[in-house]
> 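Can you read through this structure? Questions will come right after.
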Amino acid sequence: MPVEPLSQKEIEDRLAELPGWSLDGDRIARTYRLASHFAATAMVVHIARTQEELDHHSDLTLGYNTVSLTVHTHSAGGAVTEKDFELARRVEALAPGHGAS
Ligand SMILES: C[C@H](O)[C@H](O)[C@H]1CNC2=NC(N)=NC(=O)C2=N1
């Protein structure tokens with residue numbers, strides 16, 4: 001099923017429900033801070049598993065004690081779609097279990 005690009009208003013409405021997430025060019029993005037590099041690494045593995053489950057993948061960056069994601073939808077020409085927000089909500093749901101803020 002093709003996914004449609006969201007309008008600017010639709011993106012803003014969805015971002016308003018996701019504190020910490022913002023629009024970064026043509027992507028939505030968030031950086032999480034964790035207690036240690038090992039905790040950050042475990043969160044990356046958890047996100048990777050979720051991305052495989054959703055068949056939707058962010059650009060995921062592991063820092064010393066940070067995890068950063070940016071995501072847009074390749075198959076929608078690089079636009080932001082509902083699939084990106086589905087992933088963002090899933091990551092938000094798993095973040096507290098890793099002590100991420
Ligand atoms: C074949 C497979 O469904 C596609 O390549 C998926 C995989 N992950 C993806 N991730 C993202 N961010 N956008 C896509 O369009 C996309 N497509």
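Remember, it's 1-based here, ligands and their atoms both numbered in the order they're listed.
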> Any side-chain donor-acceptor pair under 3.5 Å between Thr61 and Ser68?
no

> Look at Arg27 together with Asp59 and state whether they make a salt bridge at an N to O cut-off of under 4.0 Å.
yes

> Closer than 4.0 angstrom, basic N to acidic O: yes or no for Glu82 and Arg89?
yes

> Could any protein non-hydrogen atom be found less than 4.0 Å from atom 5 (O) of ligand 1?
no

> May I ask you to identify the nearest protein heavy atom to atom 15 (O) of ligand 1, giving residue, atom name and distance to one decimal place in Å?
Ser75 N, 2.9 Å

> Any idea which protein heavy atom is nearest atom 2 (C) of ligand 1, and the distance to it?
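Here the nearest protein heavy atom works out to Asp55 OD2, 3.3 Å.
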
> In terms of the angle between their ring planes, are Trp21 and Tyr32 parallel, tilted or perpendicular, with boundaries placed at 30° and 60°?
perpendicular

> Any non-hydrogen atom of His72 lying under 4.0 Å from ligand 1?
yes

> Name the closest protein heavy atom to atom 8 (N) of ligand 1, giving the residue it belongs to and the distance to 0.1 Å.
His57 ND1, 2.8 Å

> Among protein heavy atoms, which lies nearest atom 16 (C) of ligand 1, and at what distance?
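Sorting protein heavy atoms by distance from atom 16 (C) of ligand 1 puts His74 ND1, 3.8 Å first.
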
> Following the transitive rule for hydrophobic clusters with a side-chain heavy-atom cut-off under 4.5 Å over Ile, Leu, Val, Met, Phe, Trp and Tyr, establish whether Leu15 and Val91 coincide in one cluster.
yes

